[in-house]
Amino acid sequence: MRLALTLISSALLGSTALAAPLPLTPVPDARTMTAPATLVPTPRTATFPAGTLPLAGIGVQLVGPAPELGWAARDLRTEWQTRLGATLRDGGTTPIVIGTRADAALAAKAKAAGLLTEAPEGYALWVDASGAYVVGADPLGAYHGAQTLRQLLTPQGLRFARIQDAPALKRRVAMLYLDSTSQPINDRLIPLLAGLKYNAVLIMSNYVQWDAAKAGGWAHPGGATKAEAARVARLAREHGLEVIPLLETPGHAGWMFYGGKNRDLAQDPQVQEPYAYDTLNPASYERVVFPVLKEIVETFAPRTVHIGHDEARSPDRGRFPARENGKAVGFEKLFTDDLLKQYEFLKARGVGTMIWHDVAFSDALIGTLPARLPKDIQVAYWNYTADPNTGTMERIQKLGFPTLGASWKDDRNPEGMAQTAARIGAAGMIQTRWSGYFGNPSIWDGMAEQGVALVRAGASFWNPAAPALKEPAAAYRALYQPAAYGRATGQLVDLSPVVTRKLSDADGKGWIGKGPDTDLRRLPTGNVVLGSYRFLVSGAVMTKGDRAAAKALPERVTLDLGGRKADTLAFLHTTGWPAPTNRDTVGRYEIRYVDGSVTTLPLEYGRHLRAWTDLVPSSMVSAPAWSGQTADGLDVNVTALEWPNPKPGVAIQSVTLVSEGKGGNPTLLGLTLIGAGR
């Protein structure tokens, strides 16, 4: 018996010896946050001489009383504090001068530099050994110039630059929402939009808890308060953004029927969920539409109100017209009279009107209805395809209406629409956002591709002639969640002893078994920087999935770290194939500490990781790390997930990757320990 026990003990010891801790490589730059390499939006003309203006002695000097100059100084101070943890003072021995060409001395200085511009919202900017100078053609131009100057900041100082810039499109509008969760979201989005040089926001206002809605019992609890609406309007204006509230009428009017209220005003009394109101019933206006419009004007103090008028009727949302008196009048007159009632109401208060194009300027009505409309009604032509359909936008404009294009998120859509708007001399562009009336947080986590589109559109609306942004998702992440510049030490984990698949596939037995034309061989390997992180990449720790090529792979793989502390862990990972739905849990990481405790990190598809062929960044929880192409031209990408260690003071014994065996099979490509714990 003693011999048997000895043999068993020896076997166990041998097994432990085989599972040695994975090699680790210490590095000084496990994570690095740096200043942007390119400016967004791309300036019209810019050169960057060699050199940097040192930070020592730098201070702000404002020339002129315009509030926009104060906003510029505020944003620069925020940039200094966020990126450098430092205070940007007033005055100083080395100046950052911000003013406009209204000051003769500044105008002369800009002219001498060969950079003076008189284009509305334009600016001249230069940084040299004597200081930094922003000279706006007008106060808003000076503010835009400061947004560019922010991007020249590095830990060493301000990059030398010579820039003359102005927007191609007069109005550059982005869409915001108001709901009960919107405060922290809009507090991030508004400075982001200012940084991208938008000059207006279209604010979805259906479900604000208007006094009329509260009195009538149809205020939605998920809507923002009226006080929050007013606060957002002030915040937007203090970032150079005109406020254009949007109230959807006469269709998309479910807001007025919340809680079963106002059913007597429904266009179709038989529909279960009313969609449009009865435009022949005076109570529709006296009880709901006009009181809300009055509150909108009082709360937002807008120059223009957008009153919707898109998709006014839909076969699956009830009839329009539905009532006999409406049928006798006909849809065109019902629609037109409703629009004109609201137009006159707003005009009496000194406010302009904006509508969507698709009903009034549809093929069926464009020959008759527009002739009955005042020519100062602004028309937003929406088209969410890669084809900008230039004929329709131009046709609306030739009818004499101020016309804006409206884009969304698809590939080349904002870029193509902006180019068309600039070519035909349109009034501007609107970047729409359709994330649900109460889906504000999804702009970061759930529908983040719409946030990425805000960046793409901002760049294109300012300078449609510039090439499309190469890494818009990374730019969005940096703008929405700005981080301090600097680097953190860490350790790179060598995964080569536990690799289960090669990145290349020469014989149909590597990567996902599709052969050399469809593999990940172009992912950089070795000790490499991908995104903000450094990894040691040698192959793939691919786990089991339900595809034939992945069924024989292990369900779980343990990475023995030998007891190492870390503040955070960075995972470079993907899946071999897409999961059918976002937020489906496809696996997990089990982090085991030397004290025996275990923490689990679930892996939700689309949120924490996604397939190498899935290019839609629906969540910014994981960060862009690398993008490229396969040999056969397929666009591919890989993301990185940084996980804050909840127990940085306890050493980590191991990390185990576990697969649920589904379509989206977790695949680890790199692991980096950041920081030394506490």
Side-chain angles (χ1 to χ4, degrees), residues 35-36 38-55 58-77 79-80 88 90-92 94-154 157-172 194-199 239-240 422 458-459 461-466:
T38 58
L39 301 180
V40 181
T42 303
R44 294 287 195 92
T45 61
T47 58
F48 302 94
T52 300
L53 179 66
L55 295 171
I58 281 184
V60 175
Q61 299 178 16
L62 303 182
V63 181
E68 289 87 345
L69 306 184
W71 304 342
R74 173 204 63 201
D75 291 358
L76 287 171
R77 291 190 182 98
E79 193 76 11
W80 250 251
L88 176 62
D90 290 325
T94 304
I96 296 177
V97 179
I98 305 174
T100 71
R101 65 186 176 94
D103 181 87
L106 272 184
K109 197 172 184 68
K111 187 174 182 180
L115 299 172
L116 180 69
T117 177
E118 299 181 355
E121 296 188 55
Y123 64 92
L125 183 159
W126 67 99
V127 182
D128 57 28
S130 67
Y133 303 86
V134 177
V135 183
D138 48 38
L140 195 52
Y143 183 64
H144 294 323
Q147 305 309 312
T148 300
L149 186 63
R150 290 170 59 188
Q151 299 178 64
L152 298 175
L153 179 64
T154 74
L158 288 166
R159 293 165 55 199
F160 283 0
R162 290 175 49 83
I163 297 172
Q164 187 185 63
D165 201 9
L169 293 170
K170 181 178 179 181
R171 302 180 76 186
R172 305 173 303 282
L196 292 167
K197 302 184 177 65
Y198 285 93
N199 63 2
H239 284 81
F461 294 0
W462 181 270
N463 187 355

| query | Do you know which two heavy atoms are closest between Leu153 and Ala35, and how far apart they sit? | reply | O-CB, 3.3 Å
| query | Which heavy-atom pair separates Ala142 from Leu69 by the least distance, and what is that distance? | reply | CB-CD2, 3.6 Å
| Do you know the tightest heavy-atom contact between Val60 and Ala73? | CG1-CB, 4.0 Å
| Out of curiosity, Leu55 CG to Thr52 OG1, how far, rounded to the nearest 0.5 Å? | 9.0 Å
| field | Thr100 side-chain N/O to Ala102 backbone N/O, donor-acceptor pair under 3.5 Å | value | yes
| said: Are the side chains of Gln61 and Ile98 in contact, using a 4.5 Å heavy-atom criterion? | reply: no
| task | Output the distance between atom CG (Leu88) and atom CG (Asp90), rounded to the nearest 0.5 Å. | result | 8.0 Å
| said: Whether Glu121 and Arg172 form a salt bridge (side-chain N of Lys/Arg under 4.0 Å from carboxylate O of Asp/Glu) is what I want to check. | reply: yes
| query | Roughly how far, to the nearest 0.5 Å, is the NE2 atom of His239 from the CH2 atom of Trp71? | reply | 9.5 Å
| task | Might you work through the side-chain contact (heavy atoms from CB on, under 4.5 Å) test for Val134 and Val97, ending with a clear yes or no? | result | CA-CA 6 Å; Val134 177; Val97 179; over 6 Å; no
| task | Please name the residue in the list His144, Gln147, Lys197 that meets the side-chain contact (heavy atoms from CB on, under 4.5 Å) test with Pro41. | result | Lys197
| task | Grab the two heavy atoms, one from Val127 and one from Ala132, that are nearest each other, plus how far apart they are. | result | CG2-CB, 3.9 Å
| task | Measure across Pro54 and Ile58 and return the closest heavy-atom pair with its distance rounded to 0.1 Å. | result | O-CD1, 3.2 Å
| query | Of all heavy-atom pairs between Ala459 and Val40, which one has the smallest distance, and what is that distance? | reply | CB-CG1, 4.2 Å
| Hey, what do you get for CZ (Arg101) to NZ (Lys111), rounding to the nearest 0.5 Å? | 12.0 Å
| query | Only one of Asp128, Ile96, Leu149 clears side-chain contact (heavy atoms from CB on, under 4.5 Å) with Tyr133; which? | reply | Asp128
| Nearest-0.5 Å distance that lies between atom CZ in Phe461 and atom OH in Tyr198 | 5.0 Å
Donor-acceptor contacts under 3.5 Å from residues 161-170 side chains, at least two apart:
| unit_1 | atom_1 | unit_2 | atom_2 | d |
| --- | --- | --- | --- | --- |
| Arg162 | NH1 | Ala113 | O | 3.3 |
| Arg162 | NH2 | Ala113 | O | 2.6 |
| Gln164 | NE2 | Leu115 | O | 3.0 |
| Gln164 | NE2 | Leu116 | O | 2.8 |
| Asp165 | OD1 | Arg44 | N | 2.9 |
| Asp165 | OD1 | Trp462 | NE1 | 3.0 |
| Asp165 | OD2 | Tyr123 | OH | 2.7 |
| Asp165 | OD2 | Trp462 | NE1 | 3.0 |

| request: Taking atom types as modelled, find out whether Asp75 and Tyr143 have a side-chain donor-acceptor pair closer than 3.5 angstrom. | output: yes
